[in-house]
Amino acid sequence: MSDHDLTRRGVELRYEDRHDEAVRTLREAVVAGEPDAPRELAYALLGADRPREAIKVLNRAIKSGRADLYSLLGSMAAELGDIKCAEKAYRNAIAKGDVEALNDYAVFLQDEERFDEAREVLQRSAELGDALAPGNLVVLYAEDLDDLATATEVGEKYLGPRAPGVYAALAAVYARLGRLEDAESLFRQAIDLDAPRIHQRYARFLWRHRGDLKAAEEEFWEGFNNDEEGWSSALGEFLLDQGRVDEARAVLERGIAWGDLEARHLLDELNSR
């Protein structure tokens, strides 16, 4: 048996939506010392709606020397609203030399509306060559600071295949400026580059700016087909807006089983109506 066999089987069980079995198999993988097992076990526990256990798994792994899991701990803790734990984890990840954690920490700061700090961290991350940071910097200027001029300047500065996320972020800025054809062109280039969450972002453009609900829904489902992070909450929001509550509920429940905590928030709001 290789040092990945149990982990591989656990991941297969997750993809089959057999989350409880996946958890059991991945716990065996952790005991066997398979290197990817703690990360995958944490994801499986999220899928089984056991997020606090996922946090414990990551903390135990980190204490045994897995500093590479600090950033994931930060992300999960932030999703659960444990802000103190999340910030400490991100700072530890950065201190341990995890350059990619800079971008994740900046997104956390954005969510906490600490925009000046987020801007500084994103600028540093972009200068170090992180592929995601430039796009997130455009979003920060456009959506959080409502500074479309600077958002455009930053987007056009970093536009290029090394930072695919910039295409979608700049396209959204162009759409707000009424430059719909320019936006459409950038969205299509972003799809070719397989930019993060691109089908969701293009779907929102088609929905909000083109008014093409049929095409928007097709793009949201492409997000599902491409296993984009957050596909279920994005599609669920769209379906709720269209009054298709039963369909939205089914999509959100599926997303919760895969650890989409935003889907849980939307479903909780739906159930409280």
Side-chain angles (χ1 to χ4, degrees), residues 15 43 71-72 75 79 100 102-104 106-108 110-111 118 122 125-126 129-144 148 151-242 248 251-252 254-255 258-263 266:
Y15 275 98
Y43 285 132
S71 188
L72 178 58
S75 175
E79 289 278 6
E100 292 182 0
L102 282 167
N103 175 76
D104 297 337
V107 173
F108 163 79
Q110 283 179 263
D111 291 340
L122 282 173
S125 183
D130 185 88
L132 298 177
N136 288 331
L137 189 57
V138 175
V139 171
L140 172 69
Y141 277 112
E143 298 183 8
D144 297 322
L148 296 184
T152 302
E153 180 182 343
V154 171
E156 291 175 349
K157 171 185 175 181
Y158 284 105
L159 189 65
R162 291 185 178 180
V166 172
Y167 288 79
L170 183 57
V173 174
Y174 284 167
R176 287 181 59 184
L177 293 171
R179 298 170 56 180
L180 298 188
E181 296 308 316
D182 291 334
E184 181 88 37
S185 175
L186 285 180
F187 275 121
R188 293 192 177 280
Q189 291 178 69
I191 290 172
D192 291 339
L193 292 168
D194 195 26
R197 301 192 186 195
I198 181 53
H199 292 288
Q200 298 171 49
R201 291 172 172 175
Y202 185 39
R204 290 186 184 279
F205 169 76
L206 293 168
W207 173 19
R208 300 298 191 185
H209 294 278
R210 295 293 200 193
D212 190 337
L213 299 182
K214 182 176 183 295
E217 183 169 352
E218 289 174 354
E219 284 298 318
F220 278 122
W221 279 111
E222 278 300 303
F224 163 73
N225 291 335
N226 286 272
D227 196 25
E228 290 183 357
E229 182 180 353
W231 72 267
S232 55
S233 50
L235 177 57
E237 180 187 2
F238 171 78
L239 293 170
L240 286 172
D241 186 79
Q242 305 308 305
V251 165
L252 293 172
R254 176 68 182 273
W258 277 89
D260 185 344
L261 296 182
E262 181 59 30
L266 287 173

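Note that CZ of Phe187 and CG of Leu170 are 9.5 Å apart. Values are rounded to the nearest 0.5 Å. In this structure, Arg179 CZ and Thr152 OG1 are separated by 7.0 Å, a value rounded to the nearest 0.5 Å. To the nearest 0.5 Å, atoms CG (Leu240) and CG (Leu252) are separated by 6.0 Å. The CZ atom of Arg162 sits 13.5 Å away from atom CG of Asp130, with the distance rounded to the nearest 0.5 Å. Note that CG of Asn226 and CD1 of Ile191 are 9.5 Å apart. Values are rounded to the nearest 0.5 Å. Rounding to the nearest 0.5 Å places CD of Gln110 at 4.5 Å from CG of Leu140.
With a 6.0 Å radius and a threshold of 12 heavy atoms from other residues, nucleotides or ligands, Glu184 has its CD atom above the threshold.
In this structure the side chain of Trp231 never reaches within 4.5 angstrom of the side chain of Asp260, judged on heavy atoms. Considering only heavy atoms from C-beta on, Leu159 comes within 4.5 Å of Leu186 through its side chain. A 4.5 Å side-chain heavy-atom check between Arg197 and Arg204 finds every atom pair outside the cut-off. In this structure, the side chains of Val107 and Asp104 stay at 4.5 Å or more apart for every pair of heavy atoms. The side-chain heavy atoms of Val173 and Val138, taken from C-beta on, include a pair separated by under 4.5 Å. In this structure, Tyr141 and Leu122 have side chains that are not in contact, with every pair of non-hydrogen atoms separated by 4.5 Å or more.
The two atoms that bring Ser233 and Ala263 nearest to each other are CB-N, 3.8 Å, heavy atoms only. Heavy atoms only, all atoms of each residue included: Pro134 and Val166 are closest at CB-CG2, 3.5 Å. Contact detail for Ile198 and Ala190: the closest heavy-atom pair is CD1-CB, 3.4 Å. Taking both residues in full, the closest heavy atoms of Ala118 and Ala106 are given as CB-O, 3.6 Å, listed atom of the first, atom of the second, then distance. Heavy-atom minimum distance, Val251 versus Gly236: CG1-N, 4.0 Å. Across Tyr158 and Ala163, no two heavy atoms sit closer than the pair O-CB, 4.2 Å.
Partners of Asn225 by side-chain hydrogen bond (donor to acceptor under 3.5 Å, both in side chains), not counting sequence neighbours, listed by chain and number: Glu222. Qualifying side-chain contact (heavy atoms from CB on, under 4.5 Å) partners for Asp212, counting only residues two or more places apart in sequence or in other chains: Arg210, Lys214, Ala215.
A perpendicular orientation is assigned to the rings of Phe220 and Trp207, their planes being inclined by more than 60° (bins at 30° and 60°).
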Item to check | side-chain contact (heavy atoms from CB on, under 4.5 Å) between Tyr202 and Arg188, worked out | outcome: CA-CA 8 Å; Tyr202 185 39; Arg188 293 192 177 280; 3.2 Å; yes
Checklist entry - What do the steps show when you test Tyr15 against Asp227 for side-chain contact (heavy atoms from CB on, under 4.5 Å), and what is the final call? => result CA-CA 11 Å; Tyr15 275 98; Asp227 196 25; 3.9 Å; yes
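Under a 3.5 Å cut-off, the side chain of Glu219 and the backbone N or O of Leu206 do not form any donor-acceptor pair. A side-chain donor-acceptor contact under 3.5 Å links Gln200 to the backbone of Glu229.
Annotation: side-chain hydrogen bond (donor to acceptor under 3.5 Å, both in side chains) contacts involving residues 167-176, sequence neighbours excluded, comprise Asp146-Arg176, Glu156-Tyr174.
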